[in-house]
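Below, all heavy atoms of this structure are taken into account, side chains as well, without hydrogens, waters or symmetry copies. Every number for a ligand or one of its atoms is a count from 1 in the order of the listing.
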Amino acid sequence: MSGRTYAESLVFTGGGTGGHFFPAVALAEGLRARWGGPIWFVGARRGIEARLLPASPWPHELLDVEGFAGRSPLRAARAAWKLARAWRTLVARWRRERPAAVIGTGGYGAAPALMAAQALGIPFFLHESNAAPGLLVKALAKRAAGVWCGMPEGAAALPGARCLVAGTPVREAFLRDFRPVAQLAPPFRLLVLGGSGGARAVNEAVMEAAPALLDRFPDWDILHQTGPAQHEALSARPRHPRHRLAPFLEFMDTQMEAASLVLTRSGASTCAELMASGRPALMVPLPGSAGDHQVANARAMEAGGRARVLLQGPDLARDLAAAAAPLMADPRALASLARPEANRAVDICLDDLAARTGIGLH
Ligand SMILES: CC(=O)N[C@H]1[C@@H](OP(=O)(O)OP(=O)(O)OC[C@H]2O[C@@H](n3ccc(=O)[nH]c3=O)[C@H](O)[C@@H]2O)O[C@H](CO)[C@@H](O)[C@@H]1O
């Protein structure tokens, strides 16, 4: 994509996980409908974006960078060196081809572009989905032209920044009416999600609990997203004939629409998509996520009457079967946990972008 120029473009940067990449896709899709100028993506060569951007319509650049969190000193030093090299490359290019603004949705892949924008005085915006902001957002928030937060707790954790509570943007496939849960007919579907990378503990627990649950509830089947890394090993194991596995689900909106109940981790994008599609959830937050934000996300869903929360303990398979059984026993009663709410985050963020930069959007 190096034949195209960054000049006057809006650059989206974010990734590593889907939770950091898909909000950028959602904002870019919304922007495309309201602006005729060039749009770019900048991400990491080893993030989820490296798999998804080549098949997308977006011009993009993938940088050789890696994360710092939890690394040994040696690997952290290598990550710092790669970050500096990617930053220098972008600064050199953007001096000649100056973008109009840069929008970062977090993750290590967003660091070089956001830091390059800061160095060159290009206005930049941040989106933080979680209740507890990530490292990069904390480091850059005060210098950002605007910080768009998924939750009020995120804004409260960033004093001195120009925060706006906008919600978490969802892709345009989620900006529509969904068939109400109460209208679904047998076979009812339990959709198991582990976030963009899959969830090892949830996978193990579901493999163990599924046979008895499916025998007990003959009206149900299970579609289980394992994550690409664990798919092959899990596929080789015996399982119930109504238990299907998939490494990654491409059309998450239609998969959610077909589900009567979603058993899931509580990453911010998944929460936003469950709200938009009005699907009831049994949430098993990732233990030990930064600032315990997955527990905060799940509790917020529960407080909104949209989910039950199950904290991961030593016998997750047993706990999960005990929590799922009463929900599966009465699928129509699940409708009381289904509270669809239209997602307006894309427009809220883009209106702020227009107001703060003067970029004309229709
Ligand atoms: C382990 C980890 O670090 N998780 C974090 C990561 O979440 P992670 O990327 O796992 O989770 P999220 O739930 O936020 O987002 C997942 C996204 O991937 C999509 N998807 C997922 C699976 C699939 O098969 N197909 C598909 O399209 C979902 O529809 C959703 O848009 O970023 C989130 C947002 O900062 C955080 O809240 C999570 O704590």
Side-chain angles (χ1 to χ4, degrees), residues 14-27 29 43 47-49 51-52 55-56 67 69-70 104-110 126-138 148-151 153-154 167-175 191-203 223-231 244-257 259 262-277 279 281 283-301 307 312 343 345-346:
T17 64
H20 287 129
F21 176 62
F22 288 127
V25 172
L27 289 166
E29 286 173 344
I48 192 171
E49 62 274 26
R51 190 155 54 83
L52 300 177
S56 80
T105 51
Y108 63 86
L126 301 168
H127 184 276
E128 172 56 64
S129 294
N130 297 299
L135 277 181
L136 184 65
V137 169
K138 277 202 277 210
W148 305 323
C149 294
M151 302 186 194
E153 294 87 341
T168 291
V170 292
R171 288 166 282 172
E172 61 192 5
F174 284 93
L175 303 178
L191 176 64
V192 178
L193 302 178
S196 49
R200 192 174 295 275
V202 173
N203 284 344
L223 176 60
H224 176 175
Q225 173 248 338
T226 58
Q230 293 153 62
H231 186 253
R244 268 196 303 138
L245 306 182
F248 186 82
L249 301 170
E250 205 171 324
F251 302 102
M252 188 59 87
D253 61 313
T254 53
Q255 299 298 359
M256 282 191 181
E257 186 159 41
V262 184
L263 166 64
T264 180
R265 287 290 193 213
S266 45
S269 284
T270 299
C271 293
E273 291 163 1
L274 288 165
M275 282 172 75
S277 60
R279 259 44 195 171
M283 306 199 110
V284 186
L286 174 70
S289 62
D292 237 0
H293 66 257
Q294 286 220 358
V295 173
N297 292 349
R299 292 285 180 219
M301 292 289 284
Q312 188 174 320
N343 183 298
V346 168

Worksheet entry | Within the 4.0 Å heavy-atom sphere of ligand 1, strictly under, residues |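 Contacting ligand 1 under 4.0 Å are Thr17, Gly18, Gly19, His20, Phe22, Asn130, Arg171, Gly195, Ser196, Gln225, Phe248, Leu249, Met252, Gly267, Ala268, Ser269, Thr270, Glu273, Leu286, His293, Gln294, Asn297.
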
Worksheet entry | Glu273 and Arg171: CA distance, side-chain angles, deciding distance, salt bridge (Lys or Arg N to Asp or Glu O under 4.0 Å) verdict | CA-CA 9 Å; Glu273 291 163 1; Arg171 288 166 282 172; 3.4 Å; yes

Fill in: Rounded distance [0.5 Å steps], OH in Tyr108 versus NE2 in His20
11.0 Å

Worksheet item: Could you state the interatomic distance from CD (Glu172) to CD (Glu29), rounded to the nearest 0.5 Å?
Response: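 Reported to 0.5 Å precision, the distance equals 4.0 Å.
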
Worksheet item: Between Lys138 and Glu128, is the closest basic N to carboxylate O distance under 4.0 Å?
Response: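 Answer for the salt bridge query: no.
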
Please list every donor-acceptor pair under 3.5 Å in which a side-chain atom of residues 263-272 meets a protein atom from a residue at least two apart or in another chain.
{"unit_1": "Arg265", "atom_1": "NH1", "unit_2": "Val284", "atom_2": "O", "d": "2.9"}
{"unit_1": "Arg265", "atom_1": "NH1", "unit_2": "Pro285", "atom_2": "O", "d": "3.2"}
{"unit_1": "Arg265", "atom_1": "NH1", "unit_2": "Gln312", "atom_2": "OE1", "d": "2.8"}
{"unit_1": "Arg265", "atom_1": "NH2", "unit_2": "Gln312", "atom_2": "OE1", "d": "2.9"}
{"unit_1": "Ser266", "atom_1": "OG", "unit_2": "Gln294", "atom_2": "O", "d": "2.7"}

Practice prompt. State, with a plain yes or no, whether a side-chain heavy atom of Leu193 is found less than 4.5 Å away from one of Leu249.
Written response: yes

